[in-house]
Amino acid sequence: MDNNAPGSGGKGGFGSLFGGSEYSNTELAGVPLTGMSPLSPYLNVDPRYLVQDTDEFILPTGASKTRGRFELAFFTIGGCCITGAAFGTVNGLRMGLKDTREMGWTKPRNVQILNMVTRQGASWANTLGSVALLYSVFGVAIEKARGAEDDINTVAAGTLTGMLFKSTGGLRGVARGGLAGLALSGAYALYSNWDHIRGGSSSSVY
């Protein structure tokens with residue numbers, strides 16, 4: 001018997017290989033070509049289950065959808081160390097070329113430039129890494145103490161970081177460091193909430 005003959009129903013065709021049922025031209029005529037809502041006659045899967053309209057990851061009960069300060073501390077410290085090393089390297093190269101411009105391109109000059117680059121890179125990496133470490137420790141401690149995560153923690157951590165970092169300079173140094181930390185952390189908090197501030201101001205106008 002010829003399974004491909006018209007009117008045979010095509011039970012031996014490709015549809016039977018995949019476990020799907022055969023569809024007549026009348027049944028296929030009512031299926032739209034666009035959209036994902038109807039059941040596809042070619043797949044034994046409802047395409048609606050393939051649409052991702054919710055979060056892809058399952059979070060534990062009580063977990064936040066965003067990273068906390070403790071998780072971001074590692075990224076902050078590492079990023080500041082790398083940034084400080086890069087900036088110190090460029091600054092050391094500039095200083096080395098400037099200090100040895102009277103010398104020719106000899107081995108002593110190359111060694112002196114290399115020493116300057118290494119010294120400046122390590123110094124800036126240590127400085128920015130220490131600042132990032134202090135900021136992260138203060139941020140995590142304040143968050144645990146208050147039980148909340150908001151811009152108050154950011155500003156407080158920045159202010160305390162500046163005060164402690166400049167504590168070796170006496171009361172005047174502590175005051176300058178605190179003001180610098182307050183200004184930088186306040187600017188960061190303002191920048192991170194700029195879209196919310198603009199949205200609130202525009203809605204109040206209308």
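Start at 1 with the first residue, then count along the sequence.
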Side chain Ser167, main chain Leu164, donor-acceptor under 3.5 Å: yes
Side-chain donor/acceptor of Ser185 to backbone N/O of Gly181, under 3.5 Å: yes
Which atoms form the tightest heavy-atom contact between [X] and [Y], and what is the distance?
X      : Y      : answer
Cys80  : Ala132 : SG-CB, 3.6 Å
Ile142 : Ala156 : CD1-CB, 3.6 Å
Ala189 : Ser192 : O-OG, 2.9 Å
Thr161 : Phe138 : OG1-CD1, 3.6 Å
Arg101 : Lys98  : CG-O, 3.3 Å

Could you state the interatomic distance from [atom1] ([X]) to [atom2] ([Y]), rounded to the nearest 0.5 Å?
X      : Y      : atom1 : atom2 : result
Glu71  : Thr76  : CD    : OG1   : 11.0 Å
Met163 : Leu179 : CE    : CG    : 9.5 Å
Tyr135 : Leu184 : OH    : CG    : 10.5 Å
Asn110 : Met103 : CG    : CE    : 8.5 Å
Leu128 : Thr83  : CG    : OG1   : 7.0 Å
Gln112 : Asp99  : CD    : CG    : 7.0 Å

CA sep, side-chain torsions, deciding dist, call: Ile77, Ser136, side chain to side chain contact (heavy atoms under 4.5 Å, CB included): CA-CA 8 Å; Ile77 298 172; Ser136 300; 4.1 Å; yes
Side chain to side chain contact (heavy atoms under 4.5 Å, CB included) between Arg176 and Arg172, intermediate numbers included: CA-CA 6 Å; Arg176 290 179 179 178; Arg172 183 173 297 180; 3.6 Å; yes
For Arg94, salt bridge (Lys or Arg N to Asp or Glu O under 4.0 Å) partners two or more places apart: none
same_hphob_cluster(Val117, Leu97) at 4.5 Å side-chain heavy-atom cutoff: yes
Same apolar cluster: Val111 and Trp105, side chain cutoff 4.5 Å: no
Step-by-step side chain to side chain contact (heavy atoms under 4.5 Å, CB included) determination, Phe165 to Thr127: CA-CA 10 Å; Phe165 186 75; Thr127 300; 3.7 Å; yes
